[in-house]
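Only heavy atoms go into these numbers, but all of them, side chains included; no hydrogens, no water, no symmetry mates.
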Amino acid sequence: MADNIAVAVASNFAEPMQEIATVFEKNTGHKVQLSPTSTGKLYSQIKNGAPFEIFLSADDTTTLLLEKEGQAVIDSHFTYATGKLVLWSAKPNFVDEQATALKNGQFSHLAIANPATAPYGVAAIETLKKLNLLTAVQAKLVQGDNITQTFQFVSTGNAELGFVALSQVYKDGKITSGSAWIVTPALYEPLHQDAVLLHKGSSKPAAKALFDFLKGDAAKQIIRRYGYDI
C-alpha cells in the first residue's frame with residue numbers, strides 16, 4: 001500500500017533529494033514530502049515534535065545528538081554525502097582559482113549562511129579565519145538564515161560574492177553559472193552529512209524503504225552528479 005513519508009532535509013541537499021525522491025516514488029508508489037531548511041532549525045523542529053520520519057543533516061553531529069536524546073533510532077545514522085564549500089559569484093569571470101576578488105576586497109557584500117544554525121556557515125567562517133581575512137571582511141558580511149537564502153543573496157546580485165554549497169552551482173561535472181572557486185578542503189572541517197531514521201519512521205515500512213534506498217547505487221549516482229563525495 002502506498003504511503004507518505006515526511007523528510008527533513010538540510011537546504012544544501014534539497015535539489016538532489018528531490019531527484020532521489022522522484023525515482024523512489026516512481027519505483028514504489030510512495031510519496032515523499034520534503035521540508036528543507038537549515039540543520040539547526042530542523043533540529044529544533046524535531047525536538048518540538050515535528051512529524052518527520054527521516055532527517056538528512058548537513059553535519060554528522062546533529063544526528064548523533066538526536067540519537068542520544070532519544071529522538072532517533074540508535075546507530076541508524078550513516079554518511080550519505082560529504083559536501084564541499086565554494087566561493088561563488090553570479091558574475092562570470094569574477095571569481096578565479098586564487099580567490100583574488102575575495103583576498104583583494106573587490107566587493108561590497110560577502111554572503112554566508114548563519115553559522116549558528118548552518119554547518120556551511122561554520123565552514124565559511126573557518127575558511128576566512130584560515131585565510132586571515134575574517135577581520136577584514138567582517139563589515140561586509142551578510143548572513144542568510146540557511147544556505148538557500150545565502151545563494152539567493154548572491155544569485156540576485158545583492159551580494160557580489162558568497163560561500164555556498166557546491167551542489168547549488170554544480171551539476172554533471174561543471175559549474176552551472178557564474179564563476180567559482182571550490183574551496184581547498186584543508187581550510188575547513190569536513191562536511192560529513194549524515195542521515196538518521198527518526199523514531200516516528202522506525203515502525204513505518206515506507207520510511208525504512210526510503211532510508212535504505214538512500215544507501216543504494218541509484219541514489220549515489222544522483223548525489224555524485226551534484227559534486228558531493230561519498
Side-chain angles (χ1 to χ4, degrees), residues 8-17 36-44 55-65 77 79-90 95-103 107 109-138 140-155 159-171 175-176 178-196 223-224 226-230:
V9 55
S11 295
N12 78 88
F13 198 66
E15 191 168 340
M17 188 57 206
T37 188
S38 68
T39 290
K41 286 189 174 181
L42 290 170
Y43 168 76
S44 296
F55 177 37
L56 301 172
S57 177
D59 63 17
D60 57 359
T61 56
T62 307
T63 47
L64 280 174
L65 185 59
H77 67 276
T79 300
Y80 62 89
T82 298
K84 297 174 185 174
L85 187 70
V86 62
L87 178 70
W88 180 69
S89 174
V95 178
D96 61 21
E97 290 297 319
Q98 291 73 43
T100 304
L102 173 68
K103 293 174 181 175
F107 57 92
H109 297 98
L110 173 66
I112 65 170
N114 183 353
T117 57
Y120 280 83
V122 174
I125 293 294
E126 290 172 346
T127 297
L128 289 169
K129 286 181 177 177
K130 287 278 184 69
L131 293 173
N132 292 317
L133 291 172
L134 183 58
T135 300
V137 306
Q138 196 76 51
K140 298 180 179 181
L141 289 180
V142 292
Q143 288 188 7
D145 283 344
N146 52 57
I147 203 68
T148 299
Q149 188 179 46
T150 307
F151 173 77
Q152 290 169 348
F153 286 160
V154 187
S155 63
E160 298 96 324
L161 289 171
F163 283 105
V164 300
L166 178 62
S167 57
Q168 295 175 294
V169 299
Y170 182 96
K171 196 171 183 181
I175 299 294
T176 52
S179 52
W181 169 53
I182 299 175
V183 177
T184 306
L187 294 177
Y188 59 93
E189 292 297 315
L191 288 160
H192 297 311
Q193 302 192 196
D194 276 16
V196 73
I223 293 169
R224 289 192 181 98
Y226 284 85
Y228 294 99
D229 289 333
I230 298 178

Given side chains that start at C-beta, do those of [X] and [Y] come closer than 4.5 Å, heavy atoms only?
X    : Y    : answer
K41  : D145 : yes
R224 : I230 : yes
Q143 : I112 : yes
F55  : T62  : yes
V196 : S57  : no
K84  : Y188 : yes
L128 : L110 : yes

Say you draw a straight line from [atom1] of [X] to [atom2] of [Y]; how long is it, rounded to the nearest 0.5 Å?
X    : Y    : atom1 : atom2 : value
D96  : K103 : CG    : NZ    : 8.5 Å
T127 : W181 : OG1   : CH2   : 6.5 Å
W88  : T176 : CH2   : OG1   : 7.5 Å
L65  : H77  : CG    : NE2   : 12.5 Å

Keeping [X] on the side-chain end and [Y] on the backbone end, is there a donor-acceptor pair under 3.5 Å?
X    : Y    : result
S179 : V95  : yes
K140 : F107 : yes
K130 : A186 : yes
E126 : E189 : yes
S89  : E160 : yes

For this session: Carefully, step by step, assess L166 and I175 under the rule side-chain contact (heavy atoms from CB on, under 4.5 Å).
Result: CA-CA 8 Å; L166 178 62; I175 299 294; 4.0 Å; yes

Exercise. For residues N12 and Y226, is any side-chain donor paired with an opposing acceptor at under 3.5 Å?
Worked result: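 No, no side-chain donor-acceptor contact under 3.5 Å.
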
Can you give me the closest heavy-atom contact between [X] and [Y], atom names plus distance?
X    : Y    : value
A195 : L56  : CB-CD2, 3.3 Å
L42  : A8   : CD2-CB, 3.8 Å
I147 : S11  : CG2-CB, 3.5 Å
A180 : V86  : CB-CG2, 3.6 Å
L64  : D60  : CD1-O, 3.5 Å
A165 : Y120 : CB-CE2, 3.6 Å

Exercise. Going through the distances and angles, do F163 and V183 end up as a side-chain contact (heavy atoms from CB on, under 4.5 Å)?
Worked result: CA-CA 9 Å; F163 283 105; V183 177; 3.8 Å; yes

Exercise. Would you say K171 has more than 12 foreign heavy atoms packed within less than 6.0 Å of its NZ?
Worked result: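 Atom NZ in K171 is crowded, with more than 12 foreign heavy atoms closer than 6.0 Å.
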
Exercise. Passes side-chain contact (heavy atoms from CB on, under 4.5 Å), I125 versus L134? Steps please.
Worked result: CA-CA 7 Å; I125 293 294; L134 183 58; 4.0 Å; yes

For this session: For the pair Y228 and F13, name the ring-plane relationship: parallel under 30°, tilted 30 to 60°, perpendicular over 60°.
Result: perpendicular

Problem set entry | Stepwise side-chain contact (heavy atoms from CB on, under 4.5 Å) check, L87 with L161 | CA-CA 7 Å; L87 178 70; L161 289 171; 4.3 Å; yes

